[in-house]
Amino acid sequence: MGGLRNVSSVCSISEMDDFDLSRLLNKPKLNIERKRSFDERSLSELSIGLARGLDTYETTHSPGGRSGFGTPASSTRNSFEPHPMVADAWEALRRSMVYFRGQPVGTIAAYDHASEEVLNYDQVFVRDFVPSALAFLMNGEPDIVKHFLLKTLYLQGWEKRVDRFKLGEGVMPASFKVLHDPIRKTDSLVADFGESAIGRVAPVDSGFWWIILLRAYTKSTGDLSLAETPECQKGMRLILTLCLSEGFDTFPTLLCADGCSMIDRRMLGVELEPVSLAVSKSKFPVLFDVKVSMVILLRFKHFFFMALRSASSLLKHDEEGKEFIERIVKRLHALSYHMRSYFWLDFQQLNDIYRYKTEEYSHTAVNKFNVIPDSIPDWVFDFMPTRGGYFIGNVSPARMDFRWFALGNCIAILSSLATHEQAMAIMDLIEARWEELVGEMPLKIAYPAIESHEWRIVTGCDPKNTRWSYHNGGSWPVLLWLLTAACIKTGRPQIARKAIDLAETRLLKDSWPEYYDGKVGRYIGKQARKYQTWSIAGYLVAKMMLEDPSHLGMISLEEDRQMKPMLKRSSSWTC
């Protein structure tokens with residue numbers, strides 16, 4: 001991979017003026033009709049959200065087709081000179097493509113020849129492929145995404161076992177590999193449902209990502225035929241049967257146990273038994289990987305919410321589809337109420353918790369989960385700005401996990417789980433705590449890191465997850481695309497520009513690492529793979545989305561007015 005050249009930041013995206021997306025959306029056609037990234041309702045929602053406080057931006061274009069190998073289609077008509085790093089990123093992304101019988105079906109996780117151990121980085125991961133898929137869709141290349149969706153759907157139909165325990169029908173593979181037989185000149189697929197993974201954990205999030213990606217493909221191409229095929233409809237119903245089972249997510253303390261993220265994996269066998277019972281016909285506690293997307297710390301419910309909303313827009317309104325839609329609507333109403341009420345934290349809510357009374361009884365209790373005020377960690381009081389807020393990691397009896405999880409909060413904005421006021425408060429927090437959450441490389445996946453005795457207990461002394469490393473407070477460039485999408489939706493593109501500028505000073509020079517270590521993300525991760533595909537694709541998606549904000553419609557969901565909550569104030573909320 002030595003062919004990638006080092007370049008300095010020649011043309012920073014921060015040199016552009018802020019743009020007025022409402023003017024953009026009123027421009028004639030562009031190529032939005034061909035791409036169909038938005039429906040009319042999505043466009044109106046976005047134009048309202050982005051019209052606040054932005055300056056003019058006259059000439060943005062949507063990509064309309066290929067412009068040459070290794071070059072984004074939109075660059076031929078860019079309103080500004082593209083950063084030279086973009087071409088290198090496309091070249092690296094195309095080198096990671098995997099083919100099955102002559103058709104592109106995905107991208108490998110990392111193309112790191114310098115690493116002594118390949119492990120499973122040479123496989124196509126469902127969660128890893130999502131930013132690659134979005135990049136190809138934005139570049140007018142939907143075929144690889146369609147083939148990927150169909151191949152993983154085919155693999156879903158396999159009988160799946162982990163250490164002799166049979167998994168439910170709806171489980172999607174964590175990853176797959178294409179085996180080429182040069183003698184017989186045949187290709188075959190080998191899928192991993194967790195039987196080869198570290199800790200033998202099967203994927204829950206793969207099915208959710210599959211649904212979200214199917215919606216992105218449909219929104220980008222305008223092609224409804226794929227989602228409406230009997231196979232895709234059945235695939236969605238199988239995933240939903242799995243995750244709408246009783247006990248899977250019927251109360252905030254059941255699913256969001258302390259063991260539901262990568263850093264807390266040691267506790268999965270005990271804490272997530274309700275999930276395993278929902279998935280395993282054997283009724284034995286099979287372990288399930290609820291690190292919920294991109295091997296990154298994230299509390300499960302934000303992602304669950306987004307997948308359910310995506311599925312409800314894709315299911316056909318036939319007899320079977322209507323039954324699932326009704327179940328989804330009921331679950332979404334309960335889930336949005338619990339998340340917006342109990343998982344939200346801002347300055348005033350923190351002050352209220354600080355003054356909680358304990359051992360309250362009956363339905364009149366204010367401290368419903370009997371959280372002990374003395375359990376509030378000291379760092380929260382200094383971290384919480386007077387304006388701003390975020391969804392915390394977990395709520396369980398007598399304990400709250402006050403950690404910040406970047407992916408969960410970005411997904412909350414994109415799925416509209418966060419109200420408009422909450423979404424703006426999350427952005428306020430990121431701006432106010434830029435050094436802690438962004439530092440020198442976007443974006444810190446969790447804050448703060450756990451260390452010392454707590455690290456030993458929670459991680460089982462995991463040497464990969466020492467403080468400020470990997471999942472324990474490391475910085476992950478792949479999150480750049482999610483941050484950018486959240487910034488565009490909330491009308492804060494300047495935050496995304498600033499983050500992209502930071503990434504462009506290091507990413508190519510450092511050979512596209514998987515993650516960075518250190519309190520401000522200064523050092524390449526001690527076990528980070530080079531030429532990590534989702535780091536490359538995440539950068540490309542962020543660049544293309546900022547150039548053409550209409551791409552946001554692939555991944556963003558407009559607010560459901562029927563789920564408008566009756567919520568208490570936030571010190572960050574403004575009218």
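The aromatic rings of Phe369 and Tyr342 lie perpendicular to each other, with more than 60° between the two planes, well past the 30° mark. Using cut-offs of 30° and 60° for the angle between ring planes, the Trp379 and Phe383 rings count as perpendicular.
Shown here for Ala412 and His302, the closest heavy-atom pair between the two residues is CB-CD2, 3.7 Å. The two residues Ile328 and Ala311 make their nearest non-hydrogen contact at CD1-CB, 4.2 Å. Ser535 and Pro513 get closest at one heavy-atom pair: OG-O, 2.7 Å. Residue Glu360 comes nearest to Asn367 through the heavy atom pair OE1-N, 2.7 Å, listed as atom of the first residue, atom of the second, then distance. Heavy atoms only, all atoms of each residue included: Trp468 and Lys444 are closest at CE3-NZ, 4.1 Å. Shown here for Ala133 and Leu213, the closest heavy-atom pair between the two residues is CB-CD1, 3.5 Å.
Proximity of a side-chain donor or acceptor of Ser341 to a complementary backbone N or O of His338 within less than 3.5 Å is not detected. No donor-acceptor pair under 3.5 Å is formed between the side chain of Trp209 and the backbone N or O of Asp128. Not a single donor-acceptor pair under 3.5 Å links the side chain of Arg215 to the backbone N or O of Ser313. Side chain of Asp401 to main chain of Asn394: no donor-acceptor pair is present (N/O by atom type, distance under 3.5 Å, no hydrogens or angles). Side chain of Arg340 to main chain of Leu417: a donor-acceptor pair is present (N/O by atom type, distance under 3.5 Å, no hydrogens or angles). A donor-acceptor pair under 3.5 Å links the side-chain atoms of Ser375 to the main chain of Ile372, judged by distance alone. A donor-acceptor pair under 3.5 Å is absent between the side-chain atoms of Thr459 and the main chain of Arg456, judged by distance alone. At least one donor-acceptor pair under 3.5 Å links the side chain of Asn409 to the backbone N or O of Phe405.
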Carefully, step by step, assess Ile450 and Asn472 under the rule side chain to side chain contact (heavy atoms under 4.5 Å, CB included).
CA-CA 7 Å; Ile450 57 176; Asn472 189 11; 3.4 Å; yes
Could you go through the ring pair (Phe, Tyr, Trp, His ring centres under 6.0 Å) check for Tyr470 and Trp476 one step at a time?
CA-CA 8 Å; Tyr470 205 35; Trp476 292 70; 5.8 Å; yes
Tell me, with the steps shown, if Phe129 and Thr533 meet side chain to side chain contact (heavy atoms under 4.5 Å, CB included).
CA-CA 8 Å; Phe129 180 65; Thr533 303; over 6 Å; no
Verdict with reasoning, Met236 to Leu214, per side chain to side chain contact (heavy atoms under 4.5 Å, CB included):
CA-CA 10 Å; Met236 282 189 285; Leu214 178 61; 4.1 Å; yes
Going through the checks in order, is the side chain to side chain contact (heavy atoms under 4.5 Å, CB included) test met by Val438 and Leu443?
CA-CA 5 Å; Val438 181; Leu443 183 64; 3.7 Å; yes
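Screening Arg387, Arg492, Lys498 for a side-chain hydrogen bond (donor to acceptor under 3.5 Å, both in side chains) with Glu431, the sole residue that qualifies is Arg492. A ring-ring contact (aromatic ring centres under 6.0 Å, His included) with Trp344 is found for one member of Phe391, Tyr337, Phe402, Tyr390 and no other, namely Phe391. Just one residue in the list Glu558, Lys489, Glu559, Gln422 forms a side-chain hydrogen bond (donor to acceptor under 3.5 Å, both in side chains) with Ser416, and that residue is Lys489. Partner of Glu440 under the side-chain hydrogen bond (donor to acceptor under 3.5 Å, both in side chains) criterion, out of Arg522, Lys519, Arg506: Arg522 alone.
Looking at heavy atoms from C-beta onward, Val380 lies in side-chain contact with Leu345 at the 4.5 angstrom threshold. Two residues are said to be in side-chain contact when any heavy atoms from C-beta on lie closer than 4.5 Å; Trp455 and Cys461 meet this criterion. Proximity of Pro385 to Leu429: side-chain heavy atoms (C-beta onward) are separated by under 4.5 Å at one or more points. Side-chain contact between Asn370 and Glu359: present, with at least one pair of heavy atoms (C-beta onward) separated by less than 4.5 Å. Trp534 is not listed as a side-chain neighbour of Phe125, based on a closest heavy-atom distance of 4.5 Å or more. In this structure the side chain of Pro493 never reaches within 4.5 angstrom of the side chain of Thr484, judged on heavy atoms. In this structure the side chain of Thr358 reaches within 4.5 angstrom of the side chain of Pro373, judged on heavy atoms. Side chains of Glu514 and Gln527 form no contact here, defined as non-hydrogen atoms less than 4.5 Å apart.
Ionic pairing of Arg433 and Asp382 is not present here: no N-O contact between side-chain nitrogen and carboxylate oxygen is shorter than 4.0 angstrom. Between Lys543 and Glu504 there is a salt bridge, since at least one side-chain N of the basic residue sits less than 4.0 Å from a carboxylate O of the acidic one.
The 12-atom threshold is exceeded at CZ of Phe324, counting heavy atoms of other residues, nucleotides or ligands nearer than 6.0 Å. Lys526 NZ: more than 12 foreign heavy atoms inside a 6.0 Å radius. Atom CZ of Phe381 has more than 12 heavy atoms from other residues, nucleotides or ligands within 6.0 Å.
Considering OG of Ser310 and CD1 of Ile555, their distance stands at 7.0 Å, rounded to 0.5 Å. Remark: Cys487 SG to Ile413 CD1 distance equals 8.0 Å, nearest 0.5 Å. Atoms CG and CE, on Leu483 and Met427 in that order, are 6.0 Å from each other to the nearest 0.5 Å.
Aromatic rings of Tyr539 and Trp512 (six-membered ring for Trp) have centroids within the 6.0 Å cut-off, being under it.
Side-chain contact, Asp510 with Tyr516: a donor N or O sits under 3.5 Å from an acceptor N or O.
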